[in-house]
Visitor: 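Sharing a structure with you now.
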Amino acid sequence: MIKDIVIVGGGTAGWMTATYLKASFGDRLAVTLVESKAVSTIGVGEATFSTVRNFFRHLGLSEPEWMPRCHASYKLAIRFENWREKGHHFYHPFERPRVVDGFSLADWWLHEEPSDRFDQDCSVLAALCEAKRSPRRLGGALFEEVFEAGEAQDMARAVPKGLGTQFPYAYHFDATLLAQFLSEYGVERGVRHIQDDVLDVRLDQDGFVSEVLTKDHGPLAGDLFVDCTGFRGLLLNKALGVPFVSYQESLPNDSAVALRVPVDVESRGMRPCTTATAQDAGWIWTIPLLDRIGTGYVYSSAYTTPEEAERTLRAFVGPEAADLPANHIKMRIGRSAESWVKNCVAIGLSSGFVEPLESTGIFFIQNAVEQLVKRFPSTRDDESLRRSYNRQVGDVMDGVREFLFLHYYAAARSDNAYWRDAKTRAMPDGLAERLEQWRCALPDENSVFPRFHGFEPYSYTAMILGLGGLDVRPLPVLGRLDATAARREFQRVRDQASALIDRLPSQHEYLIHQAAG
Ligand code: FAD
């Protein structure tokens with residue numbers, strides 16, 4: 001029987017795993033987490049996916065309990081700047097286009113082209129980002145005032161069940177504060193927390209991990225080991241020798257430099273979205289938190305140097321960046337061939353990672369721990385559970401790789417070698433055929449990456465129509481149909497967006513109110 005779990009690593013992955021397991025199994029499972037004081041965590045990872053709300057819900061945590069402690073803010077979308085051309089921007093919102101007369105509003109948009117901004121014509125969230133609004137109001141029902149019956153339910157489909165009618169949204173947070181918060185939560189619920197260095201990983205005669213040897217606490221034995229040691233992959237890759245499959249051929253960004261920039265958030269305002277600004281050799285993220293912005297340049301070392309990347313980032317931030325220490329990070333892009341081998345499961349960066357363009361790192365962790373609980377074995381020998389876990393976790397990362405590849409391939413920008421090469425790079429298997437389909441019919445559930453990877457067809461549509469580099473044609477059949485209802489819907493989106501802007505507080509105002517309790 002599996003009774004004792006040992007987690008090595010106390011970054012976001014380690015603490016999300018420990019707390020999720022405790023919330024799932026309570027005292028029926030003993031959880032020990034050992035983390036090194038000497039080896040620091042990656043120190044970035046601040047933007048999330050809308051499914052992250054399921055994680056906090058599973059832990060029984062309400063927003064006022066954890067958000068102020070982690071300097072968290074709301075995220076309704078990703079804003080892409082300069083991906084088409086310098087000065088252009090668009091949003092990838094967490095909002096599915098509505099359906100009008102059996103066709104997606106996105107199809108009608110391509111046919112009617114009411115403006116050059118798909119995101120603003122088809123989504124209310126784009127306007128809320130522009131206006132720096134909070135997705136939540138200070139008391140009182142909101143949806144019923146602005147949306148018709150049924151419409152609010154559609155909007156809320158992407159929201160975890162049980163949260164009621166709300167916008168689909170995610171969070172930004174300070175990853176270090178979140179790990180601290182979760183460690184308190186975990187320890188209060190019985191997680192044994194050891195601060196020590198793991199010096200060695202011992203295997204038994206069958207090749208299973210029997211114990212990890214720590215510097216001051218001696219050997220720690222367990223039935224199941226979770227490797228959350230980050231890019232080091234101490235247990236899975238190093239001790240068990242599981243190979244790492246690189247995605248570098250299709251996703252060349254392998255480095256980042258990050259800054260934490262204290263700013264006057266009140267006067268600056270807080271756009272409720274992550275911003276990804278295209279650069280000559282990658283892109284810069286900007287993430288608004290309650291007391292600062294998190295920012296960093298993700299780049300390919302084949303196209304620029306760390307010094308040049310840091311200079312670019314500092315110039316982008318401006319005088320506020322002066323004297324701030326920069327964190328240079330070398331990224332391992334790809335995934336372990338299998339994330340669960342013998343009695344060792346890798347979760348987090350040790351399992352796999354793609355550049356944070358769509359904020360998928362924490363989503364990978366959440367997915368992995370949910371799948372682990374679902375397939376939790378009775379004994380350590382259950383090969384079929386391991387196989388099905390590995391397939392699911394591998395598919396999620398492979399699917400995200402393809403979606404990210406599309407970002408560069410479909411970007412109209414091609415003003416230097418970095419952006420031109422993105423159009424000729426080796427494509428992930430199957431994408432060429434899918435691209436052919438999307439040219440004549442926007443992505444739907446039958447034409448995107450066939451297995452679950454977190455992104456729905458509307459995300460592909462938002463990116464293709466925003467990036468502007470892929471020739472897509474409207475459906476010819478729409479020319480034979482009456483477009484009156486679709487035109488009315490474009491107007492309704494505009495009206496609803498301005499009604500929401502009138503009624504919602506600024507994000508900063510809402511968060512200050514929340515923090516004050
Ligand atoms: P780490 O944070 O590296 O933690 C490793 C842990 O292992 C540490 O506690 C360390 O002490 C411990 N350890 C290592 N060796 C030993 C040892 N010998 N003994 C004991 N303990 C040991 N994800 C998102 O979802 N959104 C984002 O916006 C985002 N941005 C990112 C930007 C960049 C540049 C990068 C590189 C990643 C980003 N990520 C993002 C990914 C995200 O940061 C990670 O998925 C997340 O932080 C999990 O990291 P981790 O816990 O796996 O590893």
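For ligands, and for the atoms within them, numbers begin at 1 and follow the listed sequence. Everything numeric here is computed off the predicted structure, so don't read it as measured data.
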Visitor: Under the criterion side-chain hydrogen bond (donor to acceptor under 3.5 Å, both in side chains), I'd like the reasoning laid out for Asn82 against Gln279: C-alpha separation, chi angles, the key distance, then a yes or no.
Guide: CA-CA 8 Å; Asn82 303 348; Gln279 301 294 323; over 6 Å; no
Visitor: Within the structure, is a non-hydrogen atom of Trp15 found at a distance of less than 4.0 Å from ligand 1?
Guide: no
Visitor: Tell me which pairs pass side chain to side chain donor-acceptor pair (under 3.5 Å) where either residue lies in residues 4-23, with sequence neighbours left out.
Guide: none
Visitor: Report the part of Phe353 (side chain from C-beta onward, or backbone N, CA, C, O) that has a heavy atom under 4.0 Å from ligand 1; answer both or neither where that applies.
Guide: side chain
Visitor: Which option out of Thr12, Leu349, Val44, Ile333 puts a heavy atom nearest to atom 44 (C) of ligand 1?
Guide: Leu349
Visitor: Taking it one step at a time, do Tyr510 and Arg133 satisfy side-chain hydrogen bond (donor to acceptor under 3.5 Å, both in side chains)?
Guide: CA-CA 9 Å; Tyr510 183 86; Arg133 288 297 190 269; over 6 Å; no
Visitor: Looking at ligand 1, does Cys228 have a heavy atom less than 4.0 Å from it?
Guide: yes
Visitor: Could I get the full list of side-chain hydrogen bond (donor to acceptor under 3.5 Å, both in side chains) partners for Ser388, not counting sequence neighbours?
Guide: Arg375
Visitor: Between Ser350 and ligand 1, which residue portion shows a heavy-atom distance shorter than 4.0 Å: side chain, backbone, both, or neither?
Guide: neither
Visitor: Quickly, which of Gln507, His172, Met270 forms a side-chain contact (heavy atoms from CB on, under 4.5 Å) with Tyr74? Name it, please.
Guide: Gln507
Visitor: What's the shortest distance from atom 12 (C) of ligand 1 to any protein heavy atom, and which residue and atom give it?
Guide: Gly9 CA, 3.6 Å
Visitor: Can you tell me which residue and heavy atom of the protein come closest to atom 28 (O) of ligand 1, and the distance to 0.1 Å?
Guide: Ala47 N, 3.2 Å
